[in-house]
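This structure is a prediction, so every number in the text was calculated from the model and none was measured. The sequence lines fix the lettering, A, B, ..., with proteins before strands; numbering per chain opens at 1.
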Amino acid sequence: MIITRFAPSPTGYLHIGGLRTALYSWLWARKNSGKFLLRIEDTDLSRNSDEALEAILKAFNWVGLDHDGEVLYQSKRFDIYKSYIQKLLDEGKAYKCYMSKDELDDLRASQEAKGERPRYDGRYRDFSGTPPEGVNPVIRIKAQQDGFIEFEDGIKGKIKIAASEVDDFIIARSDGTPTYNFVVAIDDYEMGLTDVIRGDDHLYNTPKQIVVYEALGFKLPKFYHVAMINNEKGKKLSKRDGAADAMDYKRNGYLPEALINFLVRLGWSHGDQEIFSIEELIELFDPSNIGKSASSYNLDKLLWLNAHYIKNSSNDKLLALLKDFGIDSDNSDIMLDIIDITKDRAKTLVDLANEINFIVKAPTSYDEKALKKAFKGDAVEILDDFVANLELDKPTNKEAYHKSMESIIESKEIGFGKLGQPLRVALLGAMRGPGMDSVMDILGVDEIKSRVESIKSFLKR
RNA sequence: GACCCUUUCAUCUAGUGGCCAAGGAUAUUACGUUUUCAACGUAAAAACAGAGGUUCAAAUCCUUUAGGGGUCGCCA
């Protein structure tokens, strides 16, 4: 059985980089009928936030990622970690280090001055004398000193790091609380993880965790290190880019399926295919197809995908989603008709709401260029005749409105634009929008007449 | 600075020694369609980071240079 996990630290919103690795883990578990577990990394008690956890769960819920079993909190497992620490101490695989923070700082400074990689020098590794007074020791683990620490990464292949790069790192702070690399190894083991998929900013943590695995005799899971997502300039994606928080996408009118499709293709591919449903992803996803290099975030493609998913969503579904964007659904029959003629032209739900309002609300101003272009010659007269005609014809569907337009054009021997353009500006305020016949069918004769009257009085001023 | 990872069109990518004078998608440009703007359709332009090797044959393997990213905490 494949068991994967997502293990955020609750320090803020859910970052789309995190969402992507969570998605990969989730897909891999679902494809293999395995389990996807959620663990909260809150060992640093000074930096906890319930809101942050809630934000993560909310985002998961929005995109449709579900986790199996209870959420595991590291802060509630300190007893377990302590017993493992004691075990290592008893077996001589870990030791107490009485070095003060100041001493550590000095050591680092002198190493850096020599151009060396800063690391602990092992001075208490075999210490058996009298410990200095008044110092609460930290616990350090004995790391392998010679040779190499190697592992096979499922994405990047063989990773080989000299043992001298990994020092005897701290597994318990002087206050007794355990540290990240230690608890991760224990929890990943105890949760039965088979496949650990995470960002490649963790690549250097893996050898440290392997030290713990080996000291405790645990079997190693398979590791996959996914390259980072950069911003459009190729730099690391940060808060300042305004694209990092997953829930911002909801607020900005993106559909979760578009975001999922976008994120999954950012770094993973399946031949030439671009559009993937969740079902297809579960069937096709394989972490060995994840690319090795960092990818740049590209908003255009996300917009394209979002437009695609909007276009292919049912009108009912869109109407429900549009509630958050100020479109009320009281008049749902008409709204559904409006959505039907506008959804092809929107890239986001915000766009779609705007398109809808364009039709629902009578124009309060008119685009100047459009006015100039449309109202030349006898445009007003043509509009008047057209409206008079409508009152006689009383069209009841789109086709009938079209015929009404045609009859004016034929009798006056003019081009379609001579009527269409002024009519469009009168009804919508600008030279844009869906076909006039569809719009008129929704507005009805009375509303058309009133909007034509409005533009006439506007023109007189 | 040290160490690790990485490098195909502007961007996401296909590519696992011959099917590649490198394919798809987005973006761009042109044309078509439309009363308009989109959407849509057709087409164009656009890349193997550089240098050496190995091989009958290299985008693919090796070496090296350069660029980009990451890590060096009693943070996670």
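- Closest to the side chain of A:D272, out of B:rC4, B:rG23, B:rU26, is B:rG23.
- Each of B:rU6, B:rG1, B:rA27 was ranked by its minimum atom distance to the side chain of A:D300; first place goes to B:rA27.
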side-chain hydrogen bond (donor to acceptor under 3.5 Å, both in side chains) assessment of A:E190 paired with A:Y84: CA-CA 12 Å; A:E190 289 214 333; A:Y84 277 110; 2.9 Å; yes

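- Nearest nucleotide to the A:P118 side chain, out of B:rA76, B:rG23, B:rG1: B:rG1.
- Within the 4.0 Å cut-off from OP1 or OP2 of B:rU36, not a single side-chain nitrogen or oxygen of A:K369 is found.
- Pair check for B:rA43 finds B:rU29; Watson-Crick or G-U wobble, both atom distances under 3.5 Å.
- The A:Q421 side chain lies nearest to B:rU36 when the options are B:rU36, B:rG69, B:rU6.
- A:S269 is not listed as a side-chain neighbour of A:N289, based on a closest heavy-atom distance of 4.5 Å or more.
- Remark: A:R140 qualifies as a cation-pi partner of A:Y120 under the 6.0 Å distance and 45° angle criteria applied to the six-membered ring.
- With hydrogens and angles left out, the side chain of A:T179 and the base of B:rC74 share no donor-acceptor pair within 3.5 Å.
- The pairing partner recorded for B:rG1 is B:rC72, the criterion being a Watson-Crick or G-U wobble arrangement whose two distances lie under 3.5 angstrom.
- Residue-level contact check: A:R119 touches neither bases nor backbone, having no heavy atom under 4.0 Å from any strand.
- Between A:F285 and A:W268, the ring centre distance stays below 6.0 Å.
- B:rA66: Watson-Crick or G-U partner is B:rU7, with both key distances under 3.5 Å.
- Heavy atoms of other residues, nucleotides or ligands lying less than 6.0 angstrom from NZ of A:K96 number 12 at most.
- The P atoms of B:rC40 and B:rA27 are separated by 8 Å, rounded to the nearest whole Å.
- A:N205 comes within 4.0 angstrom of a base, heavy atoms only.
- Taking atom CD of residue A:E152 and atom P of nucleotide B:rC5, one finds them 12 Å apart after rounding to whole Å.
- Here A:K236 lies in heavy-atom contact (under 4.0 Å) with sugar-phosphate atoms only.
- With B:rG24, B:rU36, B:rC5 as the candidates, the nucleotide lying closest to the side chain of A:R432 is B:rU36.
- Here the C1' atom of nucleotide B:rA38 and the NZ atom of A:K343 are 16 Å apart, to the nearest Å.
- One C1' atom belongs to B:rG73, the other to B:rG67, and the distance between them is 29 Å to the nearest Å.
- Note on A:S295: a side-chain N or O is less than 4.0 Å away from OP1 or OP2 of B:rU13.
- One can place CG of A:N306 at 20 Å from P of B:rA25, the figure rounded to the nearest angstrom.
- Here the nucleotide nearest the side chain of A:D201, chosen from B:rU71, B:rC5, B:rG24, is B:rU71.
- Checking B:rU35, B:rA2, B:rG69 against every side-chain atom of A:R117, the shortest atom distance belongs to B:rA2.
- Each of A:I260, A:L281, A:T4, A:I197 was checked for a side chain to side chain contact (heavy atoms under 4.5 Å, CB included) with A:L27, and the lone residue meeting it is A:L281.
- Ranking B:rU35, B:rC74, B:rA39 by closeness to the A:M436 side chain, first place goes to B:rU35.
- What you find for A:D188 and A:R39 is that their closest heavy atoms are OD1-NH1, 2.7 Å.
- Residue-level contact check: A:G199 touches neither bases nor backbone, having no heavy atom under 4.0 Å from any strand.
- Cation-pi contact between A:K76 and A:Y73: present, with separation from the ring centre below 6.0 Å and deviation from the ring axis of at most 45°.
- Contact annotation for A:G420: base contact, defined as any heavy-atom pair under 4.0 Å involving a base atom.
- Per the geometry, CG belonging to A:L237 stands 13 Å off P belonging to B:rC12, to the nearest Å.
- Applying the 3.5 Å distance criterion, the base of B:rC12 shares a donor-acceptor pair with the side chain of A:K301.
- In this model, the phosphate group of B:rC40 is approached by a side-chain N or O of A:K311 to a distance below 4.0 Å at OP1 or OP2.
- A:M228 has its CE atom 15 Å from the P atom of B:rC12, to the nearest Å.
- Pair assignment for B:rC19 gives none, since no Watson-Crick or G-U wobble pairing has each distance under 3.5 Å.
- Within 4.0 Å of A:K101, counting heavy atoms only, lies at least one base atom of the nucleic acid.
- Within the nucleic acid shown, A:I159 comes within 4.0 Å of sugar-phosphate atoms alone, with no base atom in reach, counting heavy atoms only.
- Taking atom C1' in both B:rA58 and B:rC20, the straight-line distance is 11 Å, to the nearest Å.
- Across the P atoms, B:rC62 and B:rU7 are found 12 Å apart, a figure rounded to whole Å.
- Across the protein-nucleic acid pair, A:L14 atom CG and B:rA76 atom P stand 20 Å apart, rounded to whole Å.
- B:rC5 atom C1' lies 10 Å from atom OH of A:Y204, rounded to whole Å.
- Among the atoms of the strands shown, base atoms are found under 4.0 Å from some heavy atom of A:P434.
- Using a 4.0 Å heavy-atom cutoff across all strands shown, A:S269 reaches sugar-phosphate atoms only and no base atom.
- In this structure, A:K418 reaches neither bases nor backbone, as no heavy-atom distance under 4.0 Å exists between it and the strands shown.
- By the 6.0 Å and 45° rule, A:R432 stacks over the aromatic ring of A:F358.
- When distances run from any side-chain atom of A:M431 to the nucleotides B:rU36, B:rU35, B:rG24, the shortest one goes to B:rU36.
- Spacing between atom OH of A:Y180 and atom P of B:rG73 amounts to 16 Å, rounded to whole angstrom units.
- Judged by atom type and distance alone, A:Q273 does not reach the base of B:rG24 through any side-chain donor-acceptor pair under 3.5 Å.
- The side chain of A:R108 places an N or O atom within less than 4.0 Å of a non-bridging phosphate oxygen (OP1 or OP2) of B:rG73.
- When the side-chain nitrogen and oxygen atoms of A:S296 are compared with OP1 and OP2 of B:rU11, none of them lie within a distance under 4.0 Å.
- For A:W268 and A:A430, each mapped to the nucleotide of RNA chain B holding its nearest heavy atom, the one lying further toward the 5' end belongs to A:W268.
- Comparing A:E355 and A:E165 by the nucleotide of RNA chain B that holds the closest heavy atom to each, the one mapping nearer the 5' end is A:E165.
- The phosphate of B:rC4 has neither OP1 nor OP2 within less than 4.0 Å of any side-chain N or O from A:K160.
- Comparing the P positions of B:rU60 and B:rC9 gives a spacing of 14 Å, expressed to the nearest Å.
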Derivation of the side chain to side chain contact (heavy atoms under 4.5 Å, CB included) call for A:Y309 and A:N261: CA-CA 10 Å; A:Y309 281 104; A:N261 198 146; 2.6 Å; yes

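- Of the candidate nucleotides B:rG69, B:rC74, B:rU11, B:rC74 has the atom nearest to the side chain of A:L104.
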